[in-house]
Amino acid sequence: MKKIKENYDIDKDFYYIVEDILENKEFQKLKEIKHHGITRYNHLLRVAYHTYKITKKMGLRYVEATRGALLHDFFFYETENASTYKSLTTHSNYALENACKHFALTELEKDIIKTHMFPVTKTRPHYKESLLVDIIDDISSFYERTYSIQDSLSTAYTFIFMLLLTKIK
């Protein structure tokens, strides 16, 4: 088993569930796309891992939920520069289309991808697992956006500090 990301203590069961997706050449391209202040690949990995842990603990269909969570943002344009509302309302369609091209999906996995932006897209989740992925995605997105805020604050503090140094002389 490979170590997927240093910050995760990934267990073998999780890795075997998602191994084929993580090793897919098209999916690997997501490592180059910014998303919520990190890469889309890392965002998807975070959502999938937390989905795996929670759905398994709850006795839900964790294999399908984990795979659907890993594919919920499987699209290739950068959202930082895209129209925010348009991106929010259309990217699940692009993600579903890409996921169907590369993987055989169950109805639950398709529902997770289609509905992960509820209530913005008005497409209601049909399964508990889909609703959980939606919630986990929202929480992860909020958490990840703090990275870019911290980076901006750090830059601002450095700039202010440099200005103060020039005034002291």
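Side chains are part of it too, since the values below use all heavy atoms of this structure and drop only hydrogens, waters and symmetry mates. Heads up: numbering here begins at 1 and tracks the sequence.
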Nearest-0.5 Å distance that lies between atom [atom1] in [X] and atom [atom2] in [Y]:
| X | Y | atom1 | atom2 | result |
| --- | --- | --- | --- | --- |
| N98 | I113 | CG | CD1 | 9.5 Å |
| H72 | R40 | NE2 | CZ | 9.0 Å |
| L60 | K128 | CG | NZ | 6.5 Å |
| L105 | D111 | CG | CG | 11.5 Å |
| K53 | T51 | NZ | OG1 | 12.5 Å |
| F75 | N93 | CZ | CG | 11.0 Å |

> Regarding N42 and T39, is there a side-chain donor-to-acceptor distance under 3.5 Å anywhere?
Replying inline: yes
> Taking only residues two or more places apart in sequence or in another chain, which ones pass side chain to side chain contact (heavy atoms under 4.5 Å, CB included) with E26?
Replying inline: N24, K29, F74, F76, H102
>> Holding to salt bridge (charged side-chain N to carboxylate O under 4.0 Å, His left out), I want the full list of residues that pass it with K56, two or more places apart in sequence or in another chain.
In response: D13
>> Test of understanding: with salt bridge (charged side-chain N to carboxylate O under 4.0 Å, His left out), list the residues that count as partners of E19, not counting sequence neighbours.
In response: none
Quick one: are [X] and [Y] in side-chain contact, heavy atoms under 4.5 Å?
| X | Y | answer |
| --- | --- | --- |
| T115 | D134 | no |
| T55 | R61 | no |
| F27 | L70 | yes |
| R46 | S140 | yes |
| F103 | D20 | yes |

> Can you name the nearest heavy-atom pair linking E109 to G68, along with the distance?
Replying inline: CG-N, 4.1 Å
If Ile, Leu, Val, Met, Phe, Trp and Tyr residues are connected whenever their side-chain heavy atoms lie under 4.5 Å apart, and connections chain through other members, are [X] and [Y] in the same group?
| X | Y | answer |
| --- | --- | --- |
| Y62 | I135 | no |
| L71 | I33 | yes |
| M58 | I112 | yes |
| Y127 | I136 | yes |

>> With a 4.0 Å cut-off on N to O distance, would you call R67 and E64 a salt bridge?
In response: no
> Taking the side chain from S130 and the backbone from H126, do they hold a donor-acceptor pair closer than 3.5 Å?
Replying inline: no
>> Before you tell me yes or no, could you show the steps for L30 and L44 under side chain to side chain contact (heavy atoms under 4.5 Å, CB included), namely the whole-Å CA-CA distance, both residues' side-chain angles and the distance that decides it to 0.1 Å?
In response: CA-CA 9 Å; L30 299 175; L44 290 168; 3.5 Å; yes
> Passes side chain to side chain contact (heavy atoms under 4.5 Å, CB included), L22 versus Y41? Steps please.
Replying inline: CA-CA 9 Å; L22 296 177; Y41 180 91; 3.5 Å; yes
